[in-house]
Protein chains: 2
Amino acid sequence: MQEKYCSWEEKLKSSGGRLTTPRKIIFYILSSTPKHLSAEDIYFIIHKKNPKVGLTTIYRTLDVLVKIGFLNKFDFGDGHSRYELIEAPNKQHHHHLICRKCSKILDYTDFIEEEIKLVKATEKALSRKYKFEIKDHVFQFYGVCDKCKK
Amino acid sequence: MQEKYCSWEEKLKSSGGRLTTPRKIIFYILSSTPKHLSAEDIYFIIHKKNPKVGLTTIYRTLDVLVKIGFLNKFDFGDGHSRYELIEAPNKQHHHHLICRKCSKILDYTDFIEEEIKLVKATEKALSRKYKFEIKDHVFQFYGVCDKCKK
DNA sequence: CTAGTATTGATAATGATTATCAATAACACT
DNA sequence: AGTGTTATTGATAATCATTATCAATACTAG
Ligand SMILES: [Mn+2]
Ligand SMILES: [Mn+2]
Ligand SMILES: [Zn+2]
Ligand SMILES: [Zn+2]
């Protein structure tokens with residue numbers, strides 16, 4: 001029952017995928033930023049050094065990374081899907097504060113302990129009651145950031 | 001400092017809006033269902049009895065209702081924004097379970113007491129720490145529903 | 001090195017949501 | 001009830017993020 005931890009490269013290959021140059025670049029970009037990048041964000045970053053990589057490939061690679069469980073896909077309501085690696089240096093389980101005016105996104109980890117307790121209990125109860133197998137959750141707070149309050 | 005409760009009609013008018021036939025129909029449809037309707041869902045429902053009402057009007061009305069604070073807009077990841085009245089008969093503050101396979105959405109109210117406590121504490125702490133004025137929140141659990149487990 | 005096939009990238013297509021704008025309908029005021 | 005002002009409507013076209021297509025390319029097992 002013990003899952004073996006493995007790198008995204010291993011997971012990719014073990015699922016029949018190939019380790020290609022665009023995929024390595026895209027993963028590297030994702031692992032080098034604390035931001036929540038959109039496909040287009042990544043496209044512009046890549047384009048400076050690797051103008052050949054197309055936007056389509058970026059969308060496809062993001063899908064792959066989400067599918068093998070190394071990437072989270074978020075909708076913060078600004079019209080672009082945004083992505084963030086699940087496991088990364090200096091990154092732990094966290095949630096988001098989103099400014100409704102400027103779309104700034106803030107990671108926070110306050111109350112994560114309490115939250116995890118609540119989530120565990122909720123997952124257990126909901127699984128039993130609704131026969132729903134819960135895989136993950138998204139908590140987001142919306143409001144107005146410091147600067148946008150004027 | 002006491003907010004006066006008022007109906008959506010009052011709120012609409014007090015903000016300079018007009019109480020029109022399409023708006024009344026759309027509100028009525030929203031208040032008569034426990035489902036989470038998309039603009040297109042509403043369009044098809046309306047179309048049977050009022051074929052004149054256009055899809056554009058539906059999008060605009062939904063925006064208005066969100067803006068005056070009577071309607072929640074959700075993204076459950078199926079490519080359509082979905083809407084649910086905030087105040088409605090037989091409806092209380094709740095969150096959602098979403099099936100990743102069939103997109104079924106389930107309202108749940110379990111642990112709402114504990115959750116409200118956590119939310120209150122979180123809001124207070126985050127407001128102080130990040131100078132972020134929190135207006136609302138979205139909690140969602142994702143997984144696989146009973147039927148989709150086969 | 002080679003065969004087999006997953007992946008790429010240029011391009012076109014899709015589809016939900018928005019913008020435009022002339023025609024219409026609320027409504028405040030007689 | 002009638003009128004003038006102006007918010008709203010609805011038909012239509014436009015936008016724009018994301019997907020589908022498909023021939024060319026590049027991984028990788030053997
Ligand atoms: Mn984050
Ligand atoms: Mn609901
Ligand atoms: Zn802001
Ligand atoms: Zn399901």
Side-chain angles (χ1 to χ4, degrees), chain A residues 7-29 36-68 71-83 103, chain B residues 7-29 36-68 71-83 103:
Chain A
S7 66
W8 72 278
E9 290 101 328
E10 290 171 316
K11 190 77 185 267
L12 180 68
K13 292 197 135 192
S14 76
S15 70
R18 291 176 182 179
L19 194 56
T20 67
T21 305
R23 285 176 178 177
K24 282 188 267 189
I25 298 173
I26 291 166
F27 189 93
Y28 176 73
I29 289 173
H36 308 80
L37 300 177
S38 66
E40 213 182 10
D41 290 339
I42 295 172
Y43 179 67
F44 285 127
I45 294 171
I46 284 193
H47 203 264
K48 295 174 201 159
K49 301 224 163 193
N50 300 78
K52 284 227 195 120
V53 179
L55 184 55
T56 312
T57 298
I58 295 171
Y59 275 107
R60 280 185 298 224
T61 299
L62 292 170
D63 276 353
V64 168
L65 291 174
V66 168
K67 209 158 286 166
I68 65 175
L71 190 64
N72 269 332
K73 179 179 186 177
F74 292 105
D75 173 61
F76 295 125
D78 67 342
H80 307 254
S81 293
R82 296 188 169 276
Y83 299 84
S103 293
Chain B
S7 66
W8 72 279
E9 289 101 329
E10 289 172 317
K11 191 77 185 269
L12 179 69
K13 292 197 135 190
S14 75
S15 69
R18 289 175 184 180
L19 194 55
T20 67
T21 305
R23 287 177 177 175
K24 281 187 266 190
I25 298 173
I26 292 166
F27 189 93
Y28 176 73
I29 289 173
H36 307 82
L37 300 177
S38 68
E40 213 182 9
D41 290 339
I42 296 171
Y43 180 67
F44 285 126
I45 295 171
I46 283 192
H47 204 264
K48 295 174 205 161
K49 299 225 164 192
N50 301 76
K52 284 229 196 121
V53 178
L55 184 55
T56 313
T57 297
I58 294 171
Y59 275 107
R60 280 185 297 224
T61 299
L62 293 170
D63 277 353
V64 168
L65 291 174
V66 169
K67 208 158 286 167
I68 65 174
L71 191 64
N72 269 333
K73 179 180 186 176
F74 292 105
D75 172 61
F76 295 125
D78 67 341
H80 308 254
S81 294
R82 295 188 170 276
Y83 301 83
S103 293

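By convention in this document, chain letters (A, B, ...) are assigned in the order of the sequence lines, proteins followed by strands, and residues within each chain are numbered from 1.
Taking atom NZ of residue K52(B) and atom C1' of nucleotide dA23(C), one finds them 12 Å apart after rounding to whole Å. Rounded to whole angstrom, the span from the OH atom of Y43(A) across to the P atom of dC16(D) amounts to 17 Å. Rounded to an integer number of Å, the gap from CZ of F74(A) to P of dT18(D) is 15 Å. The CD1-P distance, from I42(B) to dT17(C), rounds to 11 Å in whole Å. The NE2-P distance, from H47(A) to dG9(C), rounds to 11 Å in whole Å. Rounding to whole angstrom units, NZ of residue K73(B) and C1' of dA16(C) are separated by 11 Å. dT28(D) atom C1' lies 16 Å from atom CD of E9(A), rounded to whole Å. Atom P of nucleotide dA26(D) and atom CD1 of I25(A) are separated by 13 Å, given to the nearest angstrom.
Closest non-hydrogen pair, A39(A) versus I58(A), comes out as O-CG2, 3.8 Å.
The aromatic rings of F76(A) and F74(A) lie parallel to each other, with less than 30° between the two planes, well short of the 60° mark. Ring-plane geometry between F27(B) and W8(B) is classed as parallel, the angle between the planes falling under 30 degrees on a 0 to 90 degree scale with a further cut at 60.
When distances run from any side-chain atom of H80(A) to the nucleotides dA19(C), dA17(D), dT17(C), the shortest one goes to dA17(D). Nearest nucleotide to the side chain of Y59(B), out of dT8(C), dA17(D), dT18(C): dT18(C). Set against dT11(C), dA16(C), dT18(C), the side chain of E40(B) has dA16(C) as its closest nucleotide.
Not one side-chain nitrogen or oxygen of T21(A) sits closer than 4.0 Å to the OP1 or OP2 atom of dA26(D). Within the 4.0 Å cut-off from OP1 or OP2 of dT28(D), at least one side-chain nitrogen or oxygen of K13(A) is found. The phosphate of dT17(C) has OP1 or OP2 within less than 4.0 Å of a side-chain N or O from S81(B). Using a 4.0 Å cut-off, no side-chain N or O of R18(A) falls inside it from OP1 or OP2 of dT5(C).
Residues passing the ring-ring contact (aromatic ring centres under 6.0 Å, His included) test with Y59(A), sequence neighbours excluded: none.
Residue whose closest nucleotide on DNA chain C sits further toward the 5' end, between R60(A) and L19(B): R60(A). For the pair V53(A) and D63(B), both in contact range of DNA chain C, the more 5′-proximal nearest nucleotide belongs to V53(A). With DNA chain D read from its 5' end, the first of the two nearest nucleotides for P51(B) and L55(A) is the one closest to P51(B).
Within 4.0 Å (heavy atoms only), S38(A) reaches no atom of the nucleic acid at all. Heavy atoms of T20(B) sit under 4.0 angstrom from primed sugar atoms or phosphate atoms, though from no base atom.
Separating the OG1 atom in T20(B) from the CD1 atom in I25(B) is a distance of 8.5 Å, to the nearest 0.5 Å.
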